[in-house]
Amino acid sequence: MSWNKPYGRDGIVAALDALVADGTLPGDLSYERITVETPREEGHGHVAINAAMVLAKPAGLKPRDLAEAIAEKLRSDNAVTKVEIAGPGFINITLSDNVWFNELTQILQAGTDYGSSDMGAGEPVNVEFVSANPTGPMHVGHGRGAAFGESLSTLLTKAGYSVTREYWVNDAGAQIDKLSQSLHLRYREALGEDIGEMPEGLYPGDYLVGPAKELADKDGDQWLAKDESEWLGVFRRYAIDAMMDLIRADLERLGIRFDVFTFESSMVDSGKVQAALDSLTDKGLLYTGVLEPPKGKKPDDWEPRPQTLFRSTDFGDDVDRPLIKSDGSWTYFSTDIAYHWDKYQRGFKTQINIWGADHGGYVKRMQAAVKAMTTGESGGEGDLDVKLCQMINLMENGEQFKMSKRAGNFITMADVVDKVGKDVFRFFMMTRKNDAQLDFDLQKVTEQSRDNPVFYVQYANARICSVLRHAAETFGEDALTPEALSGADMSRLEDEAEKVLIMQMANWPRIVESAALAHEPHRVAFYLNDLAAGFHGLWNLGKDNTQLRFIVEGDQELTRARMALIRGVSLVIASGLDVFGVTPVEEMR
RNA sequence: GCGCCCGUAGCUCAGUCGGAUAGAGCACAGGAUUCCUAAUCCUGGGGUCAGAGGUUCAAAUCCUCUCGGGCGCACCA
């Protein structure tokens with residue numbers, strides 16, 4: 001059993017239950033605010049518990065007295081070597097070395113599954129991300145959302161949730177008409193016409209040239225003389241297919257595949273938008289009203305206008321939101337309500353959306369809509385978390401990279417990924433919190449130095465592989481597999497630095513759970529950086545003290561134990577990198 | 001004017017569910033290489049956690065206000 005069970009929350013709860021049983025504590029206490037954590041300070045043992053401070057008041061006891069009572073229960077465990085009461089009532093537990101040795105054995109037995117958790121209990125979670133409009137190739141900002149969404153999805157899977165990766169395709173708006181018109185111009189061009197400059201408002205990128213040629217080859221000039229009303233539908237379908245192919249290829253570059261693509265048009269065509277609005281009507285949440293003009297920034301063409309409004313203010317929004325445009329068609333918000341309602345009906349009570357930060361103003365109304373649609377439903381109230389990804393500053397050698405479509409130096413995500421590599425891109429996107437801006441320097445991210453976390457972590461793994469290759473000359477490769485090494489005598493790992501490294505590894509399952517709960521995959525990147533630092537530090541200890549080198553001449557048992565140690569580090573690194581879809585390298589080039 | 005995000009060392013950033021003396025990297029000063037990759041490591045200085053109140057055993061973290069920065073603000077997606 002992993003140390004995280006008996007010496008995590010479960011263990012302390014058992015001790016508290018025992019105190020309830022013998023009458024020391026009342027039975028109606030809430031354990032909710034109790035935390036069990038790894039103390040920062042070395043002198044505070046391996047596990048710190050705040051239970052005595054949290055429970056003292058409701059139990060009518062002094063914190064330190066209660067702490068002593070709890071400590072007494074914990075002392076009966078023979079794997080616990082020391083229990084101390086410290087500060088205002090912390091209980092600090094020190095565990096025996098065997099706990100850590102045993103943990104290393106378990107890491108080797110579990111392999112890259114170490115850290116996986118059943119916390120999510122198979123609960124379905126829908127992660128909707130990228131959802132870039134199908135009007136061109138992905139740009140760098142989309143890439144951040146893609147990397148974030150995919151890593152979060154993998155992380156949640158590791159934590160035991162049943163994740164569906166979903167892409168919402170906006171194929172129904174005015175922008176798609178612009179795209180279709182652009183494609184028609186390219187089509188005329190492909191048939192020999194000089195179209196000159198692409199008119200303002202249309203899409204000038206050359207990515208429509210190829211699809212236009214294909215269309216010209218396939219259909220000939222039959223759409224040339226026809227009226228727009230006749231060809232628009234055909235070109236729209238064709239353009240969307242071509243752009244989605246483009247986007248799928250971009251996603252493939254990042255190693256990302258979606259489980260579901262949902263098309264906005266399908267929401268409309270299937271009547272689900274109307275059904276969603278009907279449902280809101282039934283709940284009495286729609287009315288006709290006139291909105292106040294926005295203060296401070298009044299649009300030039302603003303006029304008081306009666307509109308169909310949704311009472312989103314009843315659910316935490318700032319103003320009620322219009323659902324029907326002046327021309328009678330649905331607003332984007334309407335189709336989005338239908339879409340989120342549809343996701344809920346497909347069984348996703350928990351939904352996560354990854355958006356660009358420029359859509360931040362949209363969060364409240366969407367959450368309000370989910371709340372309105374799902375309260376009182378048999379499946380329980382839906383929960384929508386929206387993670388906003390901040391902008392990326394693309395840089396080159398410390399200078400801001402100026403992009404303009406006109407100057408022709410517009411850089412797509414594909415350009416960047418082709419330049420720096422998928423793994424670097426995927427990992428680097430996780431080295432900042434999603435809501436912090438990210439400087440992405442095309443030079444620095446491929447630099448081989450301490451301040452490049454991608455390199456630093458990979459280098460640690462490469463060093464481990466190097467040592468294992470050397471050891472294989474003595475032991476043979478078969479003796480160095482995780483399975484074989486799990487039988488090593490770990491108690492030979494007597495140095496404090498070695499034990500600290502095991503403890504770092506032993507924290508991995510908790511990182512997975514806490515990062516998954518918080519929907520913050522970046523924590524994995526910082527953890528890996530710390531773990532790599534722990535390893536590099538131990539490596540260099542061997543420079544000062546020959547006895548601390550991993551391969552010790554004349555002591556095969558010790559060497560074996562150390563191979564187990566670094567193999568464990570390598571496995572945890574691999575498990576962590578897996579969250580980012582990054583492959584560990586065995587050699588630096 | 002309103003809403004959301006942010007403000008932590010000179011710079012770039014972490015900081016777990018509110019926990020004990022707030023941590024890394026860069027930069028700066030010094031040191032380690034007959035040895036498995038020095039592409040690394042070790043030591044040191046450096047802080048009013050933007051500011052002011054509040055909540056409590058305990059606040060960088062939660063609440064209120066002020067200041068400063070970014071994003072958004074009827075029918076666009």
Side-chain angles (χ1 to χ4, degrees), chain A residues 32-41 43-44 48 50 52-54 56-57 63 86-90 92 131 133 135 170 172-176 264 290-299 301-305 307 309 317-327 329 331-333 335-336 356-364 388 390-391 431-433 435-437 439 447-453 455-456 459-460 462-464 466-471 507 510-511 513-515 517-518 520 522-523 525-526 529-530 533 536-544 546 549-551 587-588:
Chain A
E32 202 182 328
R33 292 173 57 223
I34 295 174
T35 62
V36 179
E37 53 190 24
T38 308
R40 242 195 328 263
E41 206 68 29
H44 295 154
N50 70 349
M53 292 176 292
V54 173
K57 194 174 277 182
F90 284 101
N92 294 329
S131 298
N133 288 346
T135 55
N170 296 123
Q175 291 308 309
I176 298 299
E264 186 184 359
V290 180
L291 287 174
E292 293 285 314
K295 295 201 171 66
K297 188 200 159 199
K298 186 171 174 175
D301 60 344
W302 194 89
E303 55 185 46
R305 179 188 303 142
Q307 308 176 91
L309 300 173
D317 199 3
D318 306 312
V319 288
D320 291 339
R321 305 292 177 177
L323 295 181
I324 297 179
K325 294 186 211 169
S326 49
D327 67 359
S329 64
T331 62
Y332 179 76
F333 186 40
T335 53
D336 226 353
D358 54 342
H359 289 67
Y362 205 78
V363 175
K364 275 192 183 177
L388 300 175
Q390 269 291 351
M391 295 176 48
T431 57
R432 289 286 180 279
K433 276 189 298 202
D435 54 12
Q437 284 203 20
D439 290 341
E447 246 170 42
Q448 303 202 327
S449 70
R450 174 72 179 91
D451 57 336
N452 179 353
F455 163 77
Y456 189 69
Y459 184 40
R463 275 183 152 173
I464 291 169
S466 168
V467 176
L468 288 170
R469 280 194 298 271
H470 282 273
N507 243 334
R510 292 186 175 188
I511 296 290
E513 292 193 349
S514 60
L517 271 178
E520 290 185 350
H522 76 276
R523 292 187 196 184
F526 286 91
N529 202 52
D530 289 346
H536 286 304
L538 187 57
W539 171 289
N540 275 78
L541 285 181
K543 299 207 167 290
D544 299 331
T546 327
R549 289 187 194 169
F550 298 119
I551 297 174
E587 257 180 305
M588 302 309 291

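Everything numeric in this text was worked out from a predicted model, so none of it was measured. Chain letters run A, B, ... following the sequence lines, proteins first and then strands; every chain starts at 1.
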Once you apply a heavy-atom cut-off of 4.0 Å, does [X] come out as touching a base, just sugar-phosphate, or nothing?
X: A:His536; value: sugar-phosphate
X: A:Tyr362; value: base
X: A:Asn92; value: base

Listed pairs, N/O of protein and of nucleotides 58-64 of chain B, under 3.5 Å:
unit_1	atom_1	unit_2	atom_2	d
B:A58	N6	A:Arg33	NH2	3.0

Nucleotide of [options] approaching [X] most closely (side-chain heavy atoms):
X: A:Pro322; options: B:G3, B:A74, B:G15; result: B:A74
X: A:Pro88; options: B:A14, B:C57, B:A77; result: B:C57
X: A:Lys57; options: B:C57, B:U40, B:A77; result: B:C57

- Atom-pair distance (CZ on A:Phe526; C1' on B:G23), nearest Å: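 In whole Å, B:G23 C1' and A:Phe526 CZ are 12 Å from each other.
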
- Task: Nearest whole angstrom, please: distance from the P of B:A74 to the CG of A:Asp317.
- Result: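 Between P of B:A74 and CG of A:Asp317: 13 Å.
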
- For A:His536, ring-ring contact (aromatic ring centres under 6.0 Å, His included) partners two or more places apart: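 With sequence neighbours excluded, A:His536 shows a ring-ring contact (aromatic ring centres under 6.0 Å, His included) to A:Tyr456, A:Tyr459, given in chain and number order.
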
- Message: Applying ring-ring contact (aromatic ring centres under 6.0 Å, His included), can you list everything that pairs with A:Phe333, at least two apart in sequence or on another chain?
- Response: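 A:Phe333 satisfies ring-ring contact (aromatic ring centres under 6.0 Å, His included) with A:Tyr362 only.
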
- Message: Taking side chain to side chain contact (heavy atoms under 4.5 Å, CB included) as the definition, give me every residue that meets it alongside A:Gln390, ordered by chain and number, with sequence neighbours left out.
- Response: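 A:Gln390 satisfies side chain to side chain contact (heavy atoms under 4.5 Å, CB included) with A:Arg144, A:Ala357, A:Gln437 once adjacent residues are dropped.
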
- Message: Restricting to side chain to side chain contact (heavy atoms under 4.5 Å, CB included), what partner residues turn up for A:Glu41, sequence neighbours left out?
- Response: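 For A:Glu41, the residues satisfying side chain to side chain contact (heavy atoms under 4.5 Å, CB included) (neighbours in sequence not counted) are A:His44.
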
Nucleotide N/O of nucleotides 25-33 of chain B paired with protein N/O under 3.5 Å:
none

Set of side-chain hydrogen bond (donor to acceptor under 3.5 Å, both in side chains) partners for [X], sequence neighbours left out:
X: A:Thr35; value: A:Asn50
X: A:Asp544; value: none
X: A:Asp317; value: A:Ser312, A:Arg321
X: A:Asp358; value: none

- Hey, is A:Phe90 stacking on B:A20? Ring centres under 5.5 Å, planes under 30°.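 Whether judged by distance or by angle, A:Phe90 passes, so it stacks on the base of B:A20.
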
- Task: State the CG-CG distance between A:Asp336 and A:Leu323, to the nearest 0.5 angstrom.
- Result: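 The CG atom of A:Leu323 is 11.5 Å from CG of A:Asp336, to the nearest 0.5 Å.
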
- Query: Along nucleotides 6-12 of chain B, 5' to 3', which nucleotides get a B, which get an S, and which get a -, given that the test is a protein heavy-atom distance under 4.0 Å?
  - Reply: S-----S

- Item | Side-chain N,O (A:Trp539) to OP1/OP2 (B:A38) below 4.0 Å |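 Yes, such a contact exists.
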
- Query: Once Watson-Crick and G-U wobble pairs under 3.5 Å are found, how is RNA chain B written in dot-bracket notation, 5' to 3', with | for any base paired to another strand?
  - Reply: (((((((..((((.....[...)))).(((((.......))))).....(((((..]....))))))))))))....

